[in-house]
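Working notes for the structure below.
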Protein chains: 2
Amino acid sequence: MRPVLILANAGYPVTITTEPPNWSEHAEAVLARAGHQRGGARERILAVLDRERCALTAVEIEEALRGEGTPIARASVYRVLELLLAHGLVERVAVGPGQARFESVHPDGRHHHHLVCVHCGSLVAFDDPELEAEIDRLSGRLGLPIEHHDVLLRGSCRGCCEPAAG
Amino acid sequence: MRPVLILANAGYPVTITTEPPNWSEHAEAVLARAGHQRGGARERILAVLDRERCALTAVEIEEALRGEGTPIARASVYRVLELLLAHGLVERVAVGPGQARFESVHPDGRHHHHLVCVHCGSLVAFDDPELEAEIDRLSGRLGLPIEHHDVLLRGSCRGCCEPAAG
DNA sequence: TTCGATGCAAAGAATTTGCACGCCA
DNA sequence: TGGCGTGCAAATTCTTTGCATCGAA
C-alpha cells in the first residue's frame with residue numbers, strides 16, 4: 001500500500017530559478033554526438049522530461065505519452081532512461097521504496113532536492129544555496145572528494161502543515 | 001551489473017560514536033509492548049542488525065544467518081523488517097537502484113549518513129553535526145517542519161582517492 | 001543499405017502474500 | 001489453548017532482455 005506521489009513543486013518558499021527550456025535539445029545533441037540516431041519514442045520522452053522537471057517514474061512517462069495519443073512501449077521508456085542515465089542526462093532519485101523516479105540533469109549544474117510529505121505523500125522540490133555550501137564544507141571535513149549529493153527530507157508540505165497563515 | 005557494496009565504515013575522519021550495545025533489547029521491548037510475541041527468527045535478525053550497524057540488505061541478513069548455521073526464510077526477513085519499519089526501529093536507506101538496505105534506528109536520535117564510493121562501490125558511514133545543524137536551519141528557511149532527513153553522497157572513499165598520505 | 005530504435009512478449013530480480021504448522025505467552 | 005511467528009511456495013511488481021521489424025542517416 002504505497003501512497004501515490006503527487007508532484008507539487010509550487011508554492012514553497014525557496015524557488016527554483018527558471019531552467020533553460022531546451023534541455024531536450026541539449027540531450028539530443030549529446031546523444032547525436034555519441035552516434036545515436038533519433039527516434040520518435042525518445043524524442044517524446046525527452047519532451048516529457050523537459051516539461052515535467054521533477055522526478056517522474058517510468059510508468060508516469062508512459063502514461064503521459066499515452067494521454068497525448070502517442071503511446072510507446074514501456075520497455076522503450078526504460079531503455080531510453082538507461083541511455084540518458086549513461087550519458088548523465090537524467091538522474092535517478094530515490095524518494096521511496098516504490099518505483100524509481102527520474103529527472104533531467106541540467107548542464108549548468110543547477111539542481112534541487114526533495115521533501116516527501118509524510119501526510120499526503122506529495123513531493124516538493126526545493127533549492128537551497130546554503131545547504132549546498134554546507135555540503136561543500138562537509139567534503140573538506142571528511143577529507144573526501146564528493147562528486148554528487150542527494151538530500152531527501154521527510155516532513156510536511158505546505159498544504160499539510162495546517163494553513164494557519166492562510 | 002551492480003557493484004557489490006562493501007561495508008567500510010572505518011578509517012574515515014568523522015567517527016561514529018559508540019552506540020548503545022542493546023538496540024536489539026530496546027527493539028524487543030518496543031515490540032513486546034505492542035503485543036508481539038517473540039520468535040527465534042526475529043531475535044536472530046535483531047542480533048544481526050545490532051551487530052552490523054550499517055545498511056544491510058534482506059539477502060545479506062539471510063546469508064549472515066545461514067552462515068551462522070541458523071538459516072531462516074527470506075520471507076521472514078522481509079516480514080520482520082516490515083514490522084521493524086512500522087515501529088520506527090529500522091530505516092530503509094536508498095543507496096542505489098538495487099536492493100533496499102536497512103539499518104537500526106537508535107532511540108537516542110543518533111544517526112549517520114552515507115557516502116557511496118563511485119570507484120569501488122563501498123559504503124562509508126559518516127556523522128557530521130554541522131550538517132545536521134544546517135538541515136535544522138534549512139527547515140526554518142523552507143518554513144516547513146522536517147521530521148527526518150537523509151543525505152547520500154557519491155564520491156571517493158579513502159582507499160580509492162589515492163593514498164598519497166600513506 | 002546498414003545499424004540503431006522500437007514494440008511485443010517473455011524472463012529476471014526483489015518483494016509480498018496465502019496458507020499450514022509450530023511455538024510462545 | 002489462542003494467536004502470533006515462521007517456512008514454503010506462489011503471486012505481484014518493477015525492470016531487463018530477446019528477437020523481429022521499422023526507420024534514420
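These numbers come from the heavy atoms of this one structure, side chains and all, not from hydrogens, waters or symmetry mates. Every chain is numbered from 1 and lettered A, B, ... according to where its sequence line falls, protein lines coming before strand lines.
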Length of the line joining [X]:[atom1] and [N]:[atom2], which is rounded to integer Å:
X: A/Arg92; N: D/dC14; atom1: CZ; atom2: P; answer: 14 Å
X: B/Leu81; N: D/dG5; atom1: CG; atom2: C1'; answer: 15 Å
X: A/Arg42; N: C/dT6; atom1: CZ; atom2: C1'; answer: 11 Å
X: B/Leu85; N: C/dT16; atom1: CG; atom2: C1'; answer: 14 Å
X: A/Leu31; N: C/dA5; atom1: CG; atom2: C1'; answer: 12 Å
X: B/Arg74; N: D/dA10; atom1: CZ; atom2: P; answer: 16 Å
X: A/Glu82; N: C/dG12; atom1: CD; atom2: P; answer: 17 Å
X: B/Arg66; N: D/dC8; atom1: CZ; atom2: C1'; answer: 14 Å

#### Entry: CD1-CD distance between A/Ile72 and A/Glu43, expressed to the nearest 0.5 angstrom
12.0 Å
### Task
To the nearest 0.5 angstrom, please state how far the CG atom of A/Leu115 sits from the CD atom of B/Glu147.
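Reported value, rounded in 0.5 Å steps: 9.5 Å.
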### Task
Would you mind classifying the nucleic acid contact of B/Ala58 as base, sugar-phosphate or nothing, using non-hydrogen atoms under 4.0 angstrom?
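Here B/Ala58 touches no strand at all.
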Which one, [options], comes nearest to the side chain of [X]?
X: B/Ala73; options: C/dA5, D/dG7, D/dT15; result: D/dG7
X: A/Ala41; options: C/dT17, C/dG7, D/dC4; result: C/dG7
X: B/Gln99; options: C/dA14, D/dG7, C/dG7; result: C/dA14
X: B/Arg79; options: C/dC8, C/dT15, D/dG7; result: D/dG7
X: B/Ala75; options: D/dT16, D/dT6, D/dC8; result: D/dC8
X: B/Ile72; options: D/dG3, D/dG7, C/dG7; result: D/dG7

### Task
Would you kindly compare B/Gly39 and B/Phe102 by the position of their nearest DNA chain C nucleotide and give the one closer to the 5′ end?
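Of the two residues, B/Phe102 wins.
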### Task
Please tell me which of B/Gln37 and B/Val59 maps to the more 5' nucleotide of DNA chain C, matching each residue to the nucleotide holding its nearest heavy atom.
B/Val59
#### Entry: Ring centers of B/His36, B/His87 separated by less than 6.0 Å
yes
### Message
I'd like to know whether the aromatic ring centres of B/His106 and B/His26 sit less than 6.0 Å apart in this structure.
### Response
no
### Query
Looking only at side-chain N and O atoms, does A/Tyr78 come under 4.0 Å of OP1 or OP2 in D/dT15?
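Yes.
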### Query
Does A/Arg38 put a side-chain nitrogen or oxygen below 4.0 Å from OP1 or OP2 of D/dA24?
no
### Pair B/Glu103-B/His111, side-chain donor/acceptor within less than 3.5 Å
no
